[in-house]
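Only this structure's heavy atoms are used, side chains among them; waters, hydrogens and symmetry mates stay out.
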Amino acid sequence: MSVTNQSSVSKFLLLGLSRHAQEQQVLFMLFLSMYLATVLGNLLIILTSITDSHLQTPMYFFLRNLSFVDICFTSTTVPEMLAKYILRRQTISFPGCLTQIYFLILFADMDNFLLTVMTYNCFVAVCHFLHYTTKMTHQLCVLLVAGSWVIVNLNALLHILLMAQLSFYADTILHFFCDMSPLLKLSCSDTQLNDMMILTAAGPIIIAPFICILISYILITYAALKVPSTKGEWKAFSTCASHLAMVSLFYGTIIALYFNPSSSHSAETDTAATVIYTVVTPMLNPFIYSLRNKDMKRVYEK
């Protein structure tokens with residue numbers, strides 16, 4: 001049986017961020033500018049770190065992967081929203097909606113894991129500075145990234161297979177893209193299993209990495225303040241401070257969006273939080289990791 005036949009609704013209407021023509025024009029230019037900045041900035045990081053021999057380190061290996069994922073993450077939602085504005089078409093098919101949710105979960109979870117392994121890299125660089133090269137081997141870096149891809153694919157596939165079994169009584173989504181929470185609210189089926197799996201997966205996928213990041217930064221701060229650090233350790237600590245800014249913004253919006261009681265939510269605040277972690281955070285990645293990074297600025301100057 002096809003996915004469409006299982007659902008009483010074959011298409012969904014995405015209301016977007018605004019229904020006023022003038023506001024839509026402003027939002028179109030704003031999102032187009034942010035998307036171009038995200039793609040060009042992250043592509044610049046990827047190309048720069050690949051071509052320069054001095055940037056073949058674990059930190060830049062993870063950063064290249066993060067930049068690639070951020071490009072894919074923002075490309076999951078923004079281009080389609082811009083195309084819908086140009087074509088004056090606000091509908092999306094049910095299979096298309098599930099596909100968008102799949103890639104949204106995939107890249108959001110991958111962002112989460114990459115931020116975690118980058119924190120671990122910072123921890124080793126600061127707390128085990130003399131043994132950094134022996135601990136953070138290329139094989140370990142590849143294994144961490146490859147293992148993360150396997151886990152996030154399985155998690156995204158699980159949620160999509162469960163959602164494909166649902167039926168829906170309404171076809172209007174108060175959002176500018178398909179997201180799990182707004183879609184589940186429209187279902188006339190029993191979503192108890194879906195809700196349970198979201199909470200169950202949140203432990204190993206979101207909460208556990210977030211706790212690991214917090215513990216790592218506590219240990220990093222303690223190690224940096226405990227002894228007079230060398231120039232290399234302070235350089236690593238400065239890089240970690242930039243990384244912490246990205247972590248705080250990413251997790252702060254996700255926790256506010258998905259781990260607060262639904263009664264305290266409003267469509268406006270949910271949409272604003274979603275825009276921050278799906279559009280703004282990927283755009284800030286090049287600014288946080290490039291403009292404050294002496295190695296990257298040196299390569300740009302060359």
Side-chain angles (χ1 to χ4, degrees), residues 13-50 63-92 96-97 99-101 103-108 110-112 114-115 173-179 182 242-254 256-257 266-293 296-297 299-301:
L13 177 66
L14 297 171
L15 292 184
L17 297 174
S18 175
R19 279 173 281 184
H20 301 288
Q22 190 171 3
E23 291 180 0
Q24 286 180 349
Q25 292 177 359
V26 174
L27 290 171
F28 176 84
M29 295 305 300
L30 178 62
F31 275 79
L32 178 61
S33 301
M34 289 193 295
Y35 179 69
L36 292 176
T38 301
V39 173
L40 295 176
N42 283 288
L43 276 178
L44 185 61
I45 288 179
I46 295 172
L47 295 175
T48 303
S49 60
I50 288 177
L63 184 55
R64 283 195 295 271
N65 281 273
L66 181 65
S67 295
F68 170 74
V69 170
D70 279 341
I71 291 173
C72 297
F73 190 22
T74 194
S75 297
T76 303
T77 57
V78 177
E80 186 172 0
M81 183 192 72
L82 297 176
K84 281 179 167 51
Y85 173 81
I86 295 174
L87 300 174
R88 303 293 179 181
R89 178 177 54 85
Q90 293 181 288
T91 59
I92 184 172
C97 193
T99 301
Q100 190 174 55
I101 292 175
F103 285 109
L104 189 70
I105 297 172
L106 179 73
F107 295 124
M110 195 61 199
D111 243 358
N112 169 50
L114 284 173
L115 290 173
I173 300 177
L174 301 174
H175 221 311
F176 65 98
F177 66 88
C178 286
D179 197 8
S242 301
H243 176 65
L244 182 59
M246 177 70 75
V247 169
S248 301
L249 187 62
F250 182 77
Y251 280 102
T253 51
I254 287 182
L257 188 61
S266 67
E268 292 78 11
T269 55
D270 284 359
T271 301
T274 305
V275 169
I276 290 175
Y277 91 88
T278 59
V279 182
V280 176
T281 303
M283 181 189 67
L284 292 179
N285 179 32
F287 297 98
I288 291 177
Y289 291 106
S290 297
L291 297 181
R292 296 188 71 255
N293 190 305
M296 295 290 285
K297 287 192 289 186
V299 177
Y300 292 156
E301 289 171 359

According to the side chain to side chain donor-acceptor pair (under 3.5 Å) rule, which pairs have a member within residues 25-46, sequence neighbours left out? Tyr35-Ser75, Asn42-Ser67, Asn42-Asn285
Could you check if a side-chain atom of Arg64 sits within less than 4.5 angstrom of a side-chain atom of Ile50, using non-hydrogen atoms only? yes
Indicate yes or no: at least one non-hydrogen side-chain atom of Thr278 is less than 4.5 angstrom from one of Thr74. no
[atom1]/[X] to [atom2]/[Y] distance, rounded to the nearest 0.5 angstrom?
| X | Y | atom1 | atom2 | value |
| --- | --- | --- | --- | --- |
| Met81 | Ile92 | CE | CD1 | 13.0 Å |
| Leu106 | Cys72 | CG | SG | 8.5 Å |
| Leu66 | Ile46 | CG | CD1 | 9.5 Å |
| Tyr277 | Phe73 | OH | CZ | 5.0 Å |

Using side chain to side chain contact (heavy atoms under 4.5 Å, CB included) as the criterion, list what pairs up with [X], not counting sequence neighbours.
| X | result |
| --- | --- |
| Thr91 | Leu13, Arg89 |
| Leu32 | Phe28, Leu36, Leu82 |
| Leu30 | Met34 |

Residues two or more places apart in sequence or in another chain: which of them pass ring pair (Phe, Tyr, Trp, His ring centres under 6.0 Å) with Phe177? His175
Salt bridge (Lys or Arg N to Asp or Glu O under 4.0 Å) contacts in which one or both residues fall within residues 66-80, not counting sequence neighbours: Glu80-Lys84
